[in-house]
Amino acid sequence: MRELSEYLSPEDILFNVQASSKRDLFLQVGKHMERVHGVSGQSVAAALQRRELAGSTSLGHGVAIPHARVKEAEQVRIVY
């Protein structure tokens, strides 16, 4: 089994992210993925939105783990 750290790179740890909504957060994650990994930002944001509509990724108490499959992504990526 692979370690979580194998999917998280230092450039994917984002600080001072301020989002006014889930949609805004998904757009920001998409922009990051496009800038750093060359994956379509719109595809990432749309995939995250579709996944959230299918069922909430919230764990409660203000914690959520948004995730989605993005066809254009060559490997699993974690953005924190």
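Around CG of Leu4, the count of heavy atoms belonging to other residues, nucleotides or ligands within 6.0 Å does not exceed 12. For Glu72, the CD atom is densely surrounded, since the number of other residues' heavy atoms within 6.0 Å is greater than 12.
Each salt bridge (Lys or Arg N to Asp or Glu O under 4.0 Å) pair with one or both residues in residues 18-28, not counting sequence neighbours, appears once here: Lys22-Glu52.
The heavy-atom pair separating Gly41 from Glu34 by the smallest distance is N-OE1, 2.7 Å. Residues Phe26 and Ala45 approach most closely at O-CB, 3.6 Å, considering heavy atoms. Taking all atoms of both residues into account, the shortest heavy-atom contact from Ser9 to Arg77 is OG-NH1, 4.1 Å. Contact detail for Val70 and Ala47: the closest heavy-atom pair is CG2-CB, 3.8 Å.
His37 places no side-chain N or O within donor-acceptor distance of the main-chain N or O of Arg35, the cut-off being under 3.5 Å. Of the possible polar contacts, one joining the Ser56 side chain to the Ser58 backbone as a donor-acceptor pair under 3.5 Å is found.
For the atom pair OH (Tyr80) and CG (Asp12), the distance works out to 13.5 Å, reported to the nearest 0.5 Å. Separating the NE2 atom in His67 from the CD1 atom in Ile65 is a distance of 8.5 Å, to the nearest 0.5 Å.
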*Derivation and outcome, side chain to side chain contact (heavy atoms under 4.5 Å, CB included), residues Phe15 and Val17*: CA-CA 6 Å; Phe15 295 96; Val17 173; over 6 Å; no
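Partners of Glu6 under the salt bridge (charged side-chain N to carboxylate O under 4.0 Å, His left out) rule, at least two apart in sequence or in another chain, are Arg2.
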